[in-house]
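One structure below.
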Amino acid sequence: MLSPSDGKEISRIARGTAEDVDNAVRAARRAFEGAWGQTPAMERGRLLTRLGQRILENAEELAQIEASDTGKPLKQARADIVNAARYFEFYGGAADKIHGDTIPFLDGYTVMILREPRGVTGHIIPWNYPAQMFGRTLGPSLAAGNAAVLKPAEEACLSCIRLAEIAMEIGFPPGTINVVTGYGEEAGAALAAHPGIDFLSFTGSPEVGTLVQKAAAEHHVPCVLELGGKSPQIVFEDADQRLAIESIVNAIVQNAGQTCSAGSRVLVQRSIFDSFIADLARRVAAVRVGPHGDDLDCGPVISANQFDRVQGFLAQAKSDGVPVLAEGVIVEGAPQGGYYVKPTLFGPVPLKHSLACEEVFGPVLSAIPFDDEADAIRIANGTDFGLVAGIWTKDGARQLRLARAVRAGQVFVNAYGAGGGIELPFGGVKKSGHGREKGFEALREFTVAKTVVLKHG
């Protein structure tokens, strides 16, 4: 494994095989049918809460691991660890509150709907937020009573390994949490296709998501897919422009733009386009990029492959004549071997251009003008994605109209991202995937409804 900040080796990990995945699935099945499956919901909740507390006790160690592994600035890594802990606190409190229902039926009958765990759940997570994803995907699954097998991305998995060790240290029964490292096309593919999995959660690209869903379908395994986005930030002429600019910049440079919900398109009403974009450009030009230990605004992208991908988008846009409005600064002394990309603002970007349609997954922001509400909605909905959207306006009626009209799983009004949003259901439409993570919606995904019809007498 190489550090994104300087390209040097920081660790070596096991190259998991299909046999390793099979062993992990079998261990999870034993835990589900044994000690973990027999653990009362209240005790499951206590263990999850204890894990959250232990994560906070080890927060600096975990943040240092996360920062060196992903290249993100330390302040972002520290926030990620706090959020990872919060997932386990949230779902620890929810474990004994997964309630069923009763349904009125015929005279002489009682009908109950029970919410039961699915069994063994598989989790394939990306490299951009490994610690957060560990909590986000395992928290609701474990709270519901499932046992789990997690396959982290090969580019960044050190925090997941350490978090699993901490879970063992505090008393989770053996086999409850299993981590298999390795390549996606090997260990990840084996997990997606394993007949012993009862439910699958995947976060990654639409292309790989298609492969994962096809593999799961061979065994009729349901899944939640979160597959990325091309999220718009829609700025009307009555918006609080200072607040909007700060949020818009943060939403594209956070984690070097390698965020599925990154606000990668800024749609600005034509009447204020020139003035707003001029202010936005000044803010982008002030962004500093450097190694994770310098704790700047933006770190490197994750790998040489990702660097080449983002640079390809930048080169193509410049070759096509799309205007560059601003670029951030890579600080002096940044290691030559690091994967540093200058945050770049382009605009106006043609609606059919790749910068306006495709997910770059880097610190690249596309500015696009619009005329009125109808035009804004048309442009916002004009991609294959539908994950998150931001709406900036003081008009209350317009806020609700746009929130309903924009096709996205989450819509923020005069804000964006809301501090991690552990409680907020998260997921998309169209190529952004299906199903929901976070909040109580995730508990519904990781459980199955069982109808019990009881005849009296």
Requested in this report: Could you walk me through whether Tyr129 and Phe134 pass ring pair (Phe, Tyr, Trp, His ring centres under 6.0 Å), step by step?
Outcome: CA-CA 9 Å; Tyr129 292 92; Phe134 185 96; over 10 Å; no
Query raised in the report: Which heavy atom in Leu443 sits nearest to a heavy atom in Ala94, and how many Å separate them?
Result: CD1-CB, 3.8 Å
Report task. Please confirm whether the backbone N or O of Glu445 pairs with a side-chain atom of Arg118, one donor and one acceptor, at under 3.5 Å? Result -> yes
Report summary line: Between Arg44 and Thr39 the two heavy atoms that sit nearest each other are NH1-O, 3.2 Å
Query raised in the report: Between Arg436 and Gly428, is there a donor-acceptor pair closer than 3.5 Å when you use the side chain of the first and the backbone of the second?
Result: yes
Requested in this report: Kindly determine whether Ile234 and Val406 satisfy side chain to side chain contact (heavy atoms under 4.5 Å, CB included), including the steps that lead there.
Outcome: CA-CA 10 Å; Ile234 308 170; Val406 171; 4.1 Å; yes
Please tabulate, for side-chain N and O atoms in residues 377-384, each donor-acceptor pair with protein atoms closer than 3.5 Å (sequence neighbours left out).
{"residue": "Arg378", "atom": "NE", "partner": "Asp375", "partner atom": "OD1", "Å": "3.3"}
{"residue": "Arg378", "atom": "NH2", "partner": "Asp375", "partner atom": "OD1", "Å": "2.6"}
{"residue": "Asn381", "atom": "OD1", "partner": "Arg407", "partner atom": "N", "Å": "2.9"}
{"residue": "Asn381", "atom": "ND2", "partner": "Ala405", "partner atom": "O", "Å": "3.1"}
{"residue": "Thr383", "atom": "OG1", "partner": "Phe385", "partner atom": "N", "Å": "3.1"}
{"residue": "Thr383", "atom": "OG1", "partner": "Phe385", "partner atom": "O", "Å": "3.4"}

Requested in this report: Taking all heavy atoms of Ser159 and all of Ile65, pick out the closest pair and write down the distance.
Outcome: N-CG2, 3.6 Å
Query raised in the report: Under the 3.5 angstrom rule, does the side chain of Asp198 hit a backbone N or O of Val120 as a donor-acceptor pair?
Result: yes
Requested in this report: Take atom CZ of Arg26 as the centre, draw a 6.0 Å sphere, and report whether it contains more than 12 heavy atoms from other residues, nucleotides or ligands.
Outcome: no
Query raised in the report: Quick check: are there more than 12 heavy atoms from other residues, nucleotides or ligands sitting under 6.0 Å from NE2 of His456?
Result: yes
Report task. Please indicate whether Lys97 has more than 12 foreign heavy atoms, meaning atoms of other residues, nucleotides or ligands, lying under 6.0 Å from its NZ. Result -> yes
Query raised in the report: How are the rings of Phe105 and Tyr109 set to each other: parallel, tilted or perpendicular (split at 30° and 60°)?
Result: perpendicular
Report task. Please confirm whether the backbone N or O of Met133 pairs with a side-chain atom of Thr137, one donor and one acceptor, at under 3.5 Å? Result -> no
Query - Stepwise side chain to side chain donor-acceptor pair (under 3.5 Å) test for His123 and Ser201 - result: CA-CA 5 Å; His123 308 256; Ser201 175; 4.6 Å; no
Requested in this report: Measure the shortest side-chain to side-chain distance between Val413 and Trp392 over non-hydrogen atoms and say whether it is less than 4.5 angstrom.
Outcome: no
Report task. Go through Val341 and Val289 one step at a time and tell me if the side chain to side chain contact (heavy atoms under 4.5 Å, CB included) criterion holds. Result -> CA-CA 8 Å; Val341 176; Val289 184; over 6 Å; no
Report task. First locate atom CG of Asn128, then atom CD of Glu155, and finally report the distance between them rounded to the nearest 0.5 Å. Result -> 10.0 Å
**Report entry** Minimum heavy-atom distance Pro343-Val287, with the two atoms named
**Finding:** CG-CG1, 3.8 Å
Query - Spacing of CD belonging to Gln76 relative to CD1 belonging to Ile81, to within rounding of 0.5 Å - result: 12.5 Å
Query raised in the report: Is the closest side-chain donor-acceptor distance between Arg398 and Thr393 under 3.5 Å?
Result: yes
Query raised in the report: Looking at Tyr91, Phe446, Phe90, which hits ring pair (Phe, Tyr, Trp, His ring centres under 6.0 Å) with Phe440?
Result: Phe90
Report task. Could you check if a side-chain atom of Leu48 sits within less than 4.5 angstrom of a side-chain atom of Phe172, using non-hydrogen atoms only? Result -> yes
**Report entry** Stepwise side chain to side chain donor-acceptor pair (under 3.5 Å) check, Gln53 with Glu57
**Finding:** CA-CA 6 Å; Gln53 293 169 342; Glu57 291 168 7; over 6 Å; no
**Report entry** Atom pair OG (Ser231) and CD (Glu359), whose distance is rounded to the nearest 0.5 Å
**Finding:** 8.0 Å
Requested in this report: To the nearest 0.5 angstrom, please state how far the CG atom of Leu351 sits from the OG atom of Ser366.
Outcome: 10.5 Å
Report task. Examine distances only and state if a side-chain atom of Tyr340 and a backbone atom of Val301 form a donor-acceptor pair shorter than 3.5 Å. Result -> no
Report task. Report yes if some heavy atom in the side chain of Pro363 is under 4.5 Å from a heavy atom in the side chain of Gln254; otherwise report no. Result -> no
**Report entry** Side-chain donor/acceptor of Asn255 to backbone N/O of Gly257, under 3.5 Å
**Finding:** no
Query raised in the report: Side-chain donor-acceptor pair under 3.5 Å between His434 and Gln213, yes or no?
Result: yes
Query raised in the report: Mind checking whether Ile113 and Thr102 have side chains closer than 4.5 Å, heavy atoms only?
Result: no
Report summary line: Heavy-atom closest pair (Ile368 atom, Ala356 atom, distance to 0.1 Å) is CD1-CB, 4.1 Å
**Report entry** Glu423 side chain reached by Lys438 side chain, heavy atoms, under 4.5 Å
**Finding:** no
Requested in this report: Any chance you could measure Phe32, atom CZ, to Asn146, atom CG, to the nearest 0.5 Å?
Outcome: 6.5 Å
Query raised in the report: Which atom pair, heavy atoms only, marks the closest approach of Gly93 to Thr49?
Result: N-OG1, 4.2 Å
Report task. I would like to know whether Arg12 and Glu9 meet salt bridge (charged side-chain N to carboxylate O under 4.0 Å, His left out); could you show each step before the answer? Result -> CA-CA 8 Å; Arg12 295 196 174 196; Glu9 183 176 305; 3.0 Å; yes
Query - Expected output: side-chain Asp80 to main-chain Glu66 donor-acceptor under 3.5 Å - result: no
Query - Any donor-acceptor pair under 3.5 Å from Lys72 side chain to Gly299 backbone - result: no
Query - Stepwise side chain to side chain contact (heavy atoms under 4.5 Å, CB included) test for Thr203 and Ile125 - result: CA-CA 5 Å; Thr203 299; Ile125 66 171; 5.5 Å; no
Query raised in the report: With no hydrogens and no angle check, is any side-chain donor or acceptor of Thr17 less than 3.5 Å from a backbone partner on Glu19?
Result: yes
Query - Test log, rule side chain to side chain contact (heavy atoms under 4.5 Å, CB included), inputs Val212 and Cys223 - result: CA-CA 9 Å; Val212 166; Cys223 53; 5.6 Å; no
Report task. Determine, step by step, whether Ser68 and Ser3 satisfy the side chain to side chain donor-acceptor pair (under 3.5 Å) criterion, reporting the C-alpha distance in whole Å, the side-chain angles of both residues, the deciding distance to 0.1 Å, and the verdict. Result -> CA-CA 6 Å; Ser68 65; Ser3 169; over 6 Å; no
Requested in this report: Assess Arg15 against Tyr183: is NZ or CZ under 6.0 Å from the centre of the six-membered ring, and within 45 degrees of the ring's axis?
Outcome: no
**Report entry** Pairs where residues 210-232 contributes a residue and the test salt bridge (charged side-chain N to carboxylate O under 4.0 Å, His left out) is met, not counting sequence neighbours
**Finding:** Arg136-Glu226
Query raised in the report: Do the side chains of Leu138 and Tyr87 get nearer than 4.5 Å, heavy atoms only?
Result: no
Report summary line: Rounded to the nearest 0.5 angstrom, the CG-CZ distance for Leu62 and Arg162 is 6.5 Å
Requested in this report: Check whether any side-chain heavy atom of Val149 sits under 4.5 Å from a side-chain heavy atom of Val180, and report yes or no.
Outcome: yes
Query raised in the report: Mind checking whether Leu163 and Ile177 have side chains closer than 4.5 Å, heavy atoms only?
Result: no
Query raised in the report: Can you check whether Ala148's main-chain N or O pairs, donor with acceptor, with Asn178's side chain at less than 3.5 Å?
Result: yes
